[in-house]
Amino acid sequence: MRILLIEDEDRIASFVSSGLTAEGHAVERVATAAEALGVFAVSEYDLVLLDLVLPDGDGREVLRTIRACDTEVPIIVVTALGEIDDKVDLLDLGADDYLVKPVAFAELAARVRAAARHGQQSSRTIKTGNLALDIRTRIATCHGRAVDLPSREFALLEYLMRHPGQVLTRQQILDTVWGFGFESASNIVDVYVGYLRRKLDRRDEPSVIETVRGAGYRVRP
Ligand code: CA
């Protein structure tokens with residue numbers, strides 16, 4: 001599994017990371033909330049391990065943000081005793097499980113296996129408004145209707161939907177969806193947004209992809 005480990009204490013991070021790596025997982029470690037949201041926006045993970053007290057912010061915010069853009073990825077909160085005052089609150093925010101430090105590795109490994117089994121049973125879906133994308137099956141659904149999208153259109157829609165409400169410039173979209181080397185003067189992004197609108201939009205409703213003049217595009221959150 002690809003595991004994102006969000007932990008600012010080096011000692012704990014290396015203990016957890018080396019243990020999980022030995023169990024055959026690929027672990028990516030970040031130490032701050034900002035880094036966590038940065039990597040989560042551009043990569044996919046099968047599981048997130050989240051420390052609740054981070055140097056640049058509250059892990060609850062990270063939890064809420066990750067959950068808002070990925071409803072399915074299992075998230076295990078790992079926290080020091082006394083940092084959680086309301087466990088129910090944590091689960092309500094979208095955590096699947098939590099562990100209290102100091103963590104025994106055997107217990108952590110068991111929770112990771114349990115969360116992974118649970119995660120495999122559900123499909124990985126991202127949703128915004130009336131749109132849903134199933135990342136595993138590559139099926140897009142709009143207003144409950146399955147829409148067949150070629151891979152580039154799917155990638156473009158996925159990128160926009162992973163940043164709901166955020167304006168993405170044509171250059172950002174080009175770099176991410178087409179890769180570097182495309183000329184920024186190219187209107188290919190506009191052309192593909194047009195393809196998506198033709199397939200997804202309803203005549204009586206605003207477009208699912210909004211044009212922000214002079215800036216770029218966004219999907220409504
Ligand atoms: Ca911490």
Side-chain angles (χ1 to χ4, degrees), residues 1-122 124-128 135 158-159 161-166 168 172 176 221:
M1 287 200 299
R2 273 174 62 82
I3 298 176
L4 176 62
L5 171 62
I6 307 164
E7 170 63 72
D8 60 308
E9 284 168 74
D10 290 338
R11 196 177 48 80
I12 297 174
S14 73
F15 164 75
V16 169
S17 174
S18 61
L20 291 173
T21 304
E23 296 233 319
H25 302 296
V27 181
E28 185 171 348
R29 183 251 176 151
V30 293
T32 64
E35 276 181 278
L37 296 178
V39 295
F40 194 83
V42 295
S43 304
E44 258 191 61
Y45 300 94
D46 303 304
L47 180 85
V48 176
L49 289 172
L50 171 66
D51 174 25
L52 217 49
V53 179
L54 296 165
D56 61 335
D58 188 337
R60 287 176 185 79
E61 282 307 311
V62 177
L63 178 58
R64 197 178 288 128
T65 309
I66 288 180
R67 198 41 96 212
C69 59
D70 188 329
T71 55
E72 306 287 349
V73 66
I75 303 172
I76 300 177
V77 167
V78 184
T79 182
L81 194 62
E83 285 174 1
I84 318 180
D85 29 58
D86 191 347
K87 289 163 185 162
V88 175
D89 185 41
L90 210 55
L91 298 176
D92 279 347
L93 280 178
D96 295 86
D97 202 354
Y98 61 87
L99 280 165
V100 175
K101 293 176 187 174
V103 173
F105 185 76
E107 188 183 6
L108 174 67
R111 302 281 187 103
V112 166
R113 282 194 294 273
R117 277 196 299 276
H118 176 74
Q120 277 162 4
Q121 283 160 9
S122 51
R124 295 281 301 277
T125 311
I126 37 176
K127 290 179 188 146
T128 56
I135 303 304
E158 180 182 350
Y159 181 51
M161 286 178 65
R162 283 192 185 279
H163 302 80
Q166 188 183 329
L168 298 168
Q172 283 175 310
T176 306

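Counting starts at 1 for both ligands and their atoms, in listed order. Bear in mind that the values here come from a model prediction, so they are computed numbers and not experimental data. Along the sequence shown, the residues carry numbers beginning at 1.
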Metal check, the Ca ion (ligand 1) vs Glu9 N/O/S, cut-off below 3.0 Å:
no
Taking the side chain as C-beta and beyond, is there a heavy-atom pair between Val16 and Glu7 under 4.5 Å?
no
With sequence neighbours excluded, residues passing salt bridge (charged side-chain N to carboxylate O under 4.0 Å, His left out) with Glu158:
Arg138, Arg162
Mind checking salt bridge (charged side-chain N to carboxylate O under 4.0 Å, His left out) for Asp97 and listing every partner two or more places apart, or none if nothing turns up?
Arg111
Is Val53 close enough to the Ca ion (ligand 1) to have an N, O or S atom under 3.0 Å?
yes
Going from CG on Asp56 to OG1 on Thr32, what distance comes out if it is rounded to the nearest 0.5 angstrom?
4.5 Å
For the Ca ion (ligand 1), which N, O or S atom of Asp51 is at the shortest distance?
OD2
Let me check your reading of the structure: within less than 3.0 Å of the Ca ion (ligand 1), is there an N/O/S atom from Asp8?
yes
